[in-house]
Amino acid sequence: MPELPEVETVCRGLAMKMEGRVLTRVEQRRPNLRIPFPDRMVERLTGRRVVTIRRRAKYILIHLDDDQVLIVHLGMSGRMTIGQDLGPPAAHDHVLLTTDDGSDIRFNDARRFGLMAMTGADILDSHPLLASLGPEPLGNEFSAETLSRALKAKITPIKSALLDQTVVAGLGNIYVCEALFRAGISPTRIAATVAGRDAERLVPVIREVLTEAIAAGGSTLRDYVQASGELGYFQHSFSVYDREGQACPGCTCDISSTGGVQRIVQANRSTFYCPRRQR
DNA sequence: CTTTCGTCCTGACTGC
DNA sequence: TGCAGTCAGGACGAAA
């Protein structure tokens with residue numbers, strides 16, 4: 001499931017292949033993903049040159065030479081595959097792009113939680129999908145002060161607060177679990193109680209876990225493929241995520257007495273944590 | 001207003 | 001072996 005580091009990796013892969021290139025062929029193979037495709041998307045993309053590709057939260061922003069921006073979200077199962085002469089579309093290939101130097105770029109999304117939208121570059125930040133996003137966790141605006149301010153009035157668990165894209169933009173279930181583990185903060189803590197001292201510990205840890213994952217080229221558990229189209233998944237080692245019952249990497253005592261990593265459900269999502277190390 | 005919960009979707013996995 | 005049921009999850013929108 002692509003989170004910020006995976007989206008960053010995809011952006012970098014797409015940028016290498018697409019920036020400066022003209023989209024010579026565009027094919028849209030169904031009317032919608034989570035939402036309908038933009039009106040006349042094929043016509044609006046065909047013949048356009050890609051200027052830059054950037055990321056905001058988990059959105060891929062493809063800037064075109066007519067000052068339009070294609071907004072892409074990978075959702076849960078979305079992936080981009082890149083290659084030369086990829087042949088007939090695979091199952092769930094929904095959008096096919098070809099560049100003037102012969103690269104094929106395909107958006108594949110089995111579960112169709114992803115989306116595409118288009119808007120003008122000048123009004124990009126006020127687009128409904130982007131307008132209420134909080135600070136980038138790797139940006140200068142994200143600090144213990146801004147995080148504390150965002151958490152101060154929240155009575156929801158810190159786990160839920162960190163998944164709230166208005167608090168900080170781009171964290172998903174995996175990296176919230178991992179960051180809380182590294183910070184030694186229980187996911188069940190009321191968000192407001194994390195403001196202050198704990199937020200000072202949390203901010204660098206969030207940056208650290210994301211930076212490591214980006215450096216590793218993204219990570220996955222199931223169905224993520226790097227933008228380069230390379231075969232295989234990058235297997236990232238998580239401390240707690242999806243490790244229910246396994247030994248917590250920080251606890252040296254016998255797992256039979258600790259129970260290892262616990263799984264609980266918060267807001268209908270699995271949370272993994274170590275009750276001994278996270279308070 | 002804030003917070004929670006249902007919804008979209010398919011494939012991987014579990015258990016009978 | 002086959003098949004029904006469960007689960008996964010981002011983000012929106014409805015409900016509380």
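Proteins come first, then strands; the chains are lettered A, B, ... in the order of their sequence lines, and each starts at number 1.
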Undergrad: Expressed in angstrom and rounded to an integer, what is the separation of A:N173 atom CG from C:dC7 atom P?
TA: 15 Å

Undergrad: Spell out protein contact along nucleotides 4-10 of chain B as letters: B when the base is contacted, S when just the sugar-phosphate is, - when no protein heavy atom is under 4.0 Å; keep the 5' to 3' order.
TA: SSS-BBB

Undergrad: Any chance you could measure A:N173, atom CG, to A:M76, atom CE, to the nearest 0.5 Å?
TA: 10.5 Å

Undergrad: Whole angstrom is fine here: how far is it from CG in A:L74 over to P in C:dA11?
TA: 10 Å

Undergrad: Just to verify, what does A:I123 make a side chain to side chain contact (heavy atoms under 4.5 Å, CB included) with, not counting sequence neighbours?
TA: A:T119, A:S126

Undergrad: With sequence neighbours left out, what residues match A:R56 under side-chain hydrogen bond (donor to acceptor under 3.5 Å, both in side chains)?
TA: A:E136

Undergrad: Can you hop from A:L130 to A:I35 via hydrophobic side chains spaced under 4.5 Å?
TA: yes

Undergrad: Using atom CG of A:L33 as one end and atom P of C:dC12 as the other, report the distance to the nearest whole Å.
TA: 15 Å

Undergrad: Distance check: side-chain N/O of A:S270 vs OP1/OP2 of C:dA8, anything under 4.0 Å?
TA: yes

Undergrad: Counting only side-chain N and O atoms of A:K154, is one of them less than 4.0 Å from OP1 or OP2 of B:dT2?
TA: no

Undergrad: Applying ring pair (Phe, Tyr, Trp, His ring centres under 6.0 Å), name anything that partners A:Y273, two or more places apart in sequence or on another chain.
TA: none

Undergrad: I'd like to check the side-chain hydrogen bond (donor to acceptor under 3.5 Å, both in side chains) partners of A:R149; sequence neighbours left out, ordered by chain and number.
TA: none

Undergrad: Rounded to whole angstroms, how far apart are CG on A:L162 and C1' on C:dG10?
TA: 16 Å

Undergrad: Measure the distance from NZ on A:K58 to C1' on C:dC12 and round it to the nearest whole Å.
TA: 13 Å

Undergrad: Mind checking side-chain hydrogen bond (donor to acceptor under 3.5 Å, both in side chains) for A:R201 and listing every partner two or more places apart, or none if nothing turns up?
TA: A:D198

Undergrad: Under 4.0 Å between any heavy atoms, over every strand shown, what does A:L129 touch: base, sugar-phosphate, or nothing? Just pick one.
TA: sugar-phosphate

Undergrad: Please write out the pairs of protein N or O atoms and N or O atoms of nucleotides 14-16 of chain C separated by less than 3.5 Å, giving the distance to one decimal.
TA:
none

Undergrad: With sequence neighbours excluded, what pairs up with A:D125 under the side-chain hydrogen bond (donor to acceptor under 3.5 Å, both in side chains) test?
TA: none

Undergrad: For residues A:R207 and A:T211, is any side-chain donor paired with an opposing acceptor at under 3.5 Å?
TA: no

Undergrad: Scan for ring pair (Phe, Tyr, Trp, His ring centres under 6.0 Å) pairs involving residues 65-124 of chain A, sequence neighbours excluded, and state none if there are none.
TA: A:Y59-A:H73

Undergrad: What bend angle does the helix from B:dT2-C:dA16 to B:dC16-C:dG2 show across its length, from five-pair end axes and to the nearest 10 degrees?
TA: 60°

Undergrad: Taking atom P of B:dT3 as reference, at what distance in whole Å does atom CD of A:Q266 sit?
TA: 14 Å

Undergrad: Please give, in whole Å, the distance from C:dA11 P to A:H73 NE2?
TA: 3 Å

Undergrad: Heavy atoms from C-beta onward define the side chain here; which of C:dA8, B:dT3, C:dG10 lies closest to that of A:E3?
TA: C:dG10

Undergrad: So, using side chain to side chain contact (heavy atoms under 4.5 Å, CB included) as the criterion, who are the partners of A:R48 when residues are at least two apart?
TA: A:L64, A:D65, A:D66

Undergrad: For A:P204, enumerate each residue passing the side chain to side chain contact (heavy atoms under 4.5 Å, CB included) test, keeping only those at least two apart in sequence or located in another chain.
TA: none

Undergrad: According to a strict under-4.0 Å criterion, is A:Q165 in side-chain N/O contact with OP1 or OP2 of C:dA11?
TA: yes

Undergrad: Could you state the CD1-C1' distance from A:I158 to B:dT3, rounded to the nearest angstrom?
TA: 15 Å

